[in-house]
Amino acid sequence: MIGGRLPGLPPIRFGAAAKTDFALYFGGRRADDTATMFDTIQPAAPDSILGLTDAWKADPNPLKVNLGVGVYKDDAGNTPILASVKAAEALILQTATTKLYLPISGAPEYARCVQQLIFGASHELIGAARARTAHTPGGTAALRAGADFLKKVVPDATVWVSAPTWANHKGVFAAAGIPSADYPYYDAAGKGLDFARMEEALEKVPAGDIVLLHACCHNPSGVDLTAGQWQRVAAIAARRGWLPFLDFAYQGYGDGLEQDRAGLLALAAVCPEFLVASSFSKNFGLYQDRTGALTLVAASAVAANHAFSHVEIVIRVNYSNPPAHGGLIVTRILSDATLRAQWLAELTAMREHIAATRIEFVNALASHGVAGDFSFIARQKGMFSFSGLSDAQVKFLRDAKSIYIVGGGRINVAGITSRNLEYICSSMREALAIP
């Protein structure tokens, strides 16, 4: 402000005159007919996944199916609140005494629970205090906080991501100023992992670069590494000196809570430093509560504390401190033996439902005479599957059948129910006739 006014603008007025000034300067065009600041902005392209959901919602077709967005659905097509979550919320409401801010990195109890969940309660990293955990608003914020931290400490690094990867990964790192490159992962012809080429590429990643790895339930392919392959990747990371960054969004959705740690534990055994982004949207059903965590591991407790102080600065200038509710739910469930057992049973039921749906889908495709061998769908893990559909076939399904699938053919298997299974299979038979 200069002399009670903005530079280049007339003195500030009040009352009716102020309304006139606002209309002149912020109402689309100024009195001299020159464009205002926002007048020339063109609309951004819709998000490739969430934008698909918006289109699905606007579709009037009663048979419409959304196989795009990654949310769990039961056989009725609902995304339920877990009974363990409702019980934890009731206890939280009964005992809550304050709405004070959380610390920048969240509550220490939450960090303790997250570390025990991802590593196991007795892991030596926890005892040695080499791990520090920040409560973040979802897994995406964990990735972004980690990316912003890495941009500060290794400003010239490149992040290497699997080909393919989650549609938002490259955007998150680009927003932090980190360029990305691809390493081979999915074998489209064999409908499986192209591990030989992946291993060859990881051997060539320069020391000091970052390699983003899907800890389990690879998104979008559903194809995971075996325990032996994880051991080989970990050995490469240790030998080459690049930094592993694990996206652990689906713990418990693959083979089980402990089994899904295999890659993380392989890296922890030989790598002195790495990052882990956790999400509790899927395994706790906390989609709208945006609950996640960023865990930093360093070679010593002192190094972990020093590095984590920079993570806290990144968080402070982004969202200051996390929202409490989702973290309180996770902490309550993981700290209470009865609630934890109830949650584990619910998580098991969700995982088994998705696995059973995969088998039913494969069998239904065969019974409808859909050309091709789709048995690979039953072997994949987690919510997603690469269907093998071309972009032209995906477009046909959307335009002609109101079946919404992400470009590239990724299907959310959890969106398939007994009510829409026959419609999806008959529609896919038509789509696959398109060259």
Side-chain angles (χ1 to χ4, degrees), residues 47 49-50 52-53 56-57 64-89 117 137-140 142 166-168 214-224 247-257 259-260 277-293 325-326 329-330 333-334 339-362 377-378 380-387 403-406 410-421 424:
D47 181 85
I49 298 175
L50 299 182
L52 202 67
T53 296
W56 172 80
K57 288 178 179 179
K64 64 183 179 180
V65 180
N66 186 356
L67 298 180
V69 67
V71 298
Y72 174 81
K73 293 183 181 294
D74 59 22
D75 196 53
N78 299 319
T79 302
I81 302 175
L82 301 186
S84 56
V85 168
K86 283 195 171 186
E89 287 182 309
L117 181 66
T140 303
W166 178 45
N168 208 25
H214 298 237
C216 68
C217 304
H218 183 272
N219 180 3
S221 75
V223 176
D224 286 350
D247 188 342
F248 208 176
Y250 301 98
Q251 186 178 6
Y253 264 55
D255 294 311
L257 278 180
Q259 297 90 327
D260 291 348
S278 301
S279 169
F280 303 124
S281 294
K282 276 72 177 180
N283 52 13
F284 283 84
L286 299 177
Y287 298 95
Q288 66 180 218
D289 290 305
R290 306 307 300 132
T291 310
H325 189 67
I329 293 170
V330 170
I333 289 173
L334 295 181
L339 287 178
R340 184 186 177 98
Q342 183 181 25
W343 168 68
L344 282 172
E346 292 179 295
L347 177 58
T348 299
M350 290 190 291
R351 179 177 66 251
E352 291 179 348
H353 171 69
I354 294 173
T357 300
R358 287 182 176 278
I359 295 171
E360 292 170 8
F361 186 35
V362 171
I377 293 175
Q380 295 166 346
K381 304 290 177 64
M383 300 175 68
F384 301 115
S385 172
F386 252 16
S387 62
I403 297 176
Y404 290 79
I405 297 172
V406 176
R410 188 201 80 173
I411 287 178
N412 175 20
V413 179
I416 300 172
T417 69
S418 57
R419 290 186 296 180
N420 63 31
L421 177 61
I424 292 170

**Report entry** Check: Val406 and Pro220 side chains under 4.5 Å, non-hydrogen atoms
**Finding:** no
Query raised in the report: When rounded to the nearest 0.5 angstrom, what is the spacing between NE2 in His325 and CD in Gln288?
Result: 9.0 Å
Query raised in the report: At their closest point, which heavy atom of Thr357 faces which heavy atom of Val413, and how far apart are they?
Result: CG2-O, 3.6 Å
Requested in this report: Decide yes or no on side chain to side chain contact (heavy atoms under 4.5 Å, CB included) for Leu52 and Val69, but give the supporting numbers first.
Outcome: CA-CA 8 Å; Leu52 202 67; Val69 67; over 6 Å; no
Query raised in the report: Any sub-3.5 Å donor-acceptor pair from Glu346's side-chain atoms to Ala83's backbone N or O?
Result: yes
Report task. Apply side chain to side chain contact (heavy atoms under 4.5 Å, CB included) to the pair Asn412 and Phe384, showing each step before the final yes or no. Result -> CA-CA 5 Å; Asn412 175 20; Phe384 301 115; 4.1 Å; yes
Query raised in the report: Just by modelled atom types, is the Tyr72 backbone N or O under 3.5 Å from a matching donor or acceptor in the Thr79 side chain?
Result: yes
Query raised in the report: Taking atom CZ of Phe284 and atom CG of Leu347, what is their separation to the nearest 0.5 Å?
Result: 8.0 Å
Requested in this report: Answer yes or no: is there a donor N or O on one side and an acceptor on the other, between the side chain of Arg410 and the main chain of Leu67, under 3.5 Å?
Outcome: no
**Report entry** Distance-minimising heavy-atom pair for Tyr253 and Lys282
**Finding:** OH-O, 3.2 Å
Query raised in the report: How about Arg290 and Thr140: do any of their side-chain heavy atoms sit closer than 4.5 Å?
Result: yes
Requested in this report: Determine the minimum heavy-atom distance between Gly70 and Tyr287, stating which atoms define it.
Outcome: O-CE2, 4.0 Å
Query raised in the report: Distance from Leu421 atom CG to Phe361 atom CZ, nearest 0.5 Å?
Result: 7.5 Å
**Report entry** Ile329 and Trp343: CA distance, side-chain angles, deciding distance, side chain to side chain contact (heavy atoms under 4.5 Å, CB included) verdict
**Finding:** CA-CA 11 Å; Ile329 293 170; Trp343 168 68; over 6 Å; no
Query raised in the report: What distance separates Ser387 OG from Ile377 CD1, expressed to the nearest 0.5 Å?
Result: 7.0 Å
Query raised in the report: Between Leu339 and Ala87, what is the shortest heavy-atom contact and its length?
Result: CD2-CB, 3.6 Å
Report summary line: One should read off an interatomic distance between Leu257 CG and Thr348 OG1, to the nearest 0.5 angstrom, of 7.5 Å
Report task. Mind checking the CG-NE2 spacing from Asn219 to His214? Nearest 0.5 Å is all I need. Result -> 6.5 Å
Report task. Over all heavy atoms of both residues, which pair between Asp75 and Ser418 is shortest? Give the atoms and the distance, please. Result -> OD2-OG, 2.7 Å
Requested in this report: Indicate yes or no for a side-chain donor-acceptor contact from Gln251 to the backbone of Leu117 under 3.5 Å, with no hydrogens or angles considered.
Outcome: yes
Requested in this report: Indicate the atoms forming the closest heavy-atom contact of Gln342 with Ser84, along with that distance.
Outcome: OE1-CA, 3.5 Å
**Report entry** Candidate pair Lys381 and Asp260, rule side chain to side chain contact (heavy atoms under 4.5 Å, CB included), full reasoning
**Finding:** CA-CA 10 Å; Lys381 304 290 177 64; Asp260 291 348; over 6 Å; no
Requested in this report: Say whether, by atom type as modelled, one donor and one acceptor occur between the side chain of Asn78 and the main chain of Pro80 under 3.5 angstrom.
Outcome: no
Report task. Look only at the side chain of Lys64 and the backbone of Lys57, and say whether a donor-acceptor pair between them is shorter than 3.5 Å. Result -> yes
